[in-house]
Amino acid sequence: MIRVTSVRFKTAGKVYYFDPGEFEPKEGDFVIVETARGLEYGEVIEDVKEVSSKEVVSPLKSVIRIANEADTKQYKENQEKKEKALKTCQEKVDKHNLPMKLIDVEYTFDKSKVIFYFAADGRVDFRELVKDLAGVFKMRIELRQIGVRDEAKMIGGIGTCGRPLCCHTWLSDFEPVSIKMAKVQNLSLNPTKISGICGRLMCCLKYENDVYIDMKRNLPDPGDKVKIGGQHAVVVETNIFKGTLKVKYLPKNGEEGSDELFIVDKSEITKIEKRKPKVEEEIDEEIKKLED
């Protein structure tokens, strides 16, 4: 087991492990740590703990010190410079007529580098821009292109639920989301209704997916044939929360069919006959088209 302290550098940012060394930083403390890009100022999100060596990427960087007043002052000064830096960079972007959208800027704690984040449809040749910016800021310049999800995470906004974006407020990592999750939850497969403001599938489709899968286990799907009390029926709709099915009974020999629908409890089912594989393949094909 290895002793680590968990540090986050941005709100809803990724959490990194550091070697606390001789220090015992507590949750809520701010620390100066050594990173690949120099010294950084971060917040401790939980007390020092022990984790398995498999969870750690060796070698661990170290906690240099618990942040003091001078460190906090320097961090705040760096934050206050961001607006002016963005304005300056935007002027240079306009000067070079580059097809890029500036998103955010970040100074490293030790002021050795300034990082500009931008979005663009394709690759951008910004070599001349970097030269101009280096002449203005007198430090190392890095331009980093980000995707639409990261753009939404940095800028923030209000989701279709009426609440601030999860990725901007607390979601530290993006997890894979597929349109099959919407299908499992019986949501509309219209991409415009299940996409976030970033244009990608909403992250919240992932939250309850495992619960829906568990609740749907051993339940027939719409289109399946079932046997109920000696009669055969086709499932029209399922209610996983109530554990009920809406079915249409199939006519017996010599009887006329009826379009009347009945609601039955899943406990009444004695046999389930799944739909033909061909139907499932057609549905998967429709899903694939939507994902494309």
Side-chain angles (χ1 to χ4, degrees), residues 7-16 32-42 57 61 74-159 164-169 171-179 191-192 195-203 288-292:
V7 179
R8 177 182 285 154
F9 300 105
K10 298 179 181 179
T11 301
K14 188 175 180 179
V15 176
Y16 297 89
I32 304 301
V33 295
E34 180 186 356
T35 72
R37 62 185 192 182
L39 298 183
E40 289 291 354
Y41 179 97
V57 178
K61 298 289 187 178
Q74 181 170 327
Y75 173 75
K76 289 181 178 179
E77 288 176 353
N78 289 346
Q79 294 298 104
E80 291 169 359
K81 292 179 181 179
K82 291 174 60 173
E83 186 175 346
K84 184 177 180 180
L86 269 179
K87 182 178 179 181
T88 300
C89 186
Q90 185 62 60
E91 290 173 353
K92 299 298 182 182
V93 169
D94 294 340
K95 172 186 173 183
H96 292 281
N97 195 28
L98 295 173
M100 55 195 292
K101 175 185 175 184
L102 284 178
I103 305 299
D104 198 9
V105 61
E106 179 182 356
Y107 282 87
T108 56
F109 176 76
D110 55 8
K111 299 180 182 178
S112 63
K113 183 196 296 186
V114 58
I115 305 168
F116 293 94
Y117 298 91
F118 72 94
D121 291 334
R123 298 190 65 176
V124 179
D125 183 357
F126 47 69
R127 287 173 293 183
E128 293 302 318
L129 173 62
V130 170
K131 291 179 183 178
D132 277 3
L133 293 174
V136 173
F137 292 98
K138 308 299 181 184
M139 63 178 70
R140 291 171 58 198
I141 303 296
E142 181 178 337
L143 271 78
R144 188 174 298 176
Q145 187 170 356
I146 61 175
V148 289
R149 277 190 158 187
D150 289 309
E151 179 182 348
K153 185 178 182 67
M154 287 185 174
I155 296 176
I158 303 298
L165 298 182
C166 295
C167 60
H168 183 68
T169 53
L171 190 64
S172 58
D173 290 311
F174 292 114
E175 294 190 25
V177 183
S178 73
I179 204 165
T192 61
S195 299
I197 65 174
C198 61
R200 298 291 187 265
L201 292 172
M202 294 188 293
C203 294
K288 185 177 179 181
K289 289 178 181 178
L290 286 170
E291 289 180 326
D292 292 340

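The first residue in the sequence is number 1, and the count goes up from there. Just so it is clear, the structure is predicted and the values come from calculations on it, not from any experiment.
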*Is a salt bridge present between Arg140 and Glu142, judged by a nitrogen-to-oxygen distance below 4.0 Å?*
no
*For Leu39 and Phe109, which heavy atoms make the closest approach, and how far apart are they?*
O-CB, 3.2 Å
*Return yes if some donor-acceptor pair links the side-chain N/O of Gln145 with the main-chain N/O of Gly122 below 3.5 Å, else return no.*
yes
*asked:* Using a strict threshold of under 4.0 Å (side-chain N to carboxylate O), is an ion pair present between Glu40 and Lys61?
replied: no
*asked:* With heavy-atom distances below 4.5 Å as the criterion, would you say the side chains of Leu129 and Met100 are in contact?
replied: yes
*Taking NZ, NE, NH1 and NH2 as the nitrogens, is one of them in Asp125 or Arg127 under 4.0 Å from a carboxylate oxygen of the other?*
yes
_Backbone N/O of Gln74 and side chain of Lys111: donor-acceptor pair under 3.5 Å_ = no
*Would you please classify the geometry between the Tyr75 ring and the Tyr41 ring as parallel, tilted or perpendicular, with 30° and 60° separating the classes?*
parallel
_Value rounded to 0.5 Å, distance of CD1 in Ile155 from CD1 in Ile103_ = 4.0 Å
*asked:* Working note: Tyr107 + Phe137, criterion side chain to side chain contact (heavy atoms under 4.5 Å, CB included); need CA distance, chi angles, decisive distance, verdict.
replied: CA-CA 11 Å; Tyr107 282 87; Phe137 292 98; 3.5 Å; yes
*Where at least one partner belongs to residues 85-106, residue pairs that pass ring-ring contact (aromatic ring centres under 6.0 Å, His included), sequence neighbours excluded*: none
*Only one of Gln79, Arg37, Lys113 clears side chain to side chain donor-acceptor pair (under 3.5 Å) with Glu106; which?*
Arg37
*Find the distance between SG (Cys167) and CD (Glu151) and round it off to the nearest 0.5 Å.*
11.0 Å
_Phe9 vs Thr35 side-chain heavy atoms within contact, under 4.5 Å_ = yes
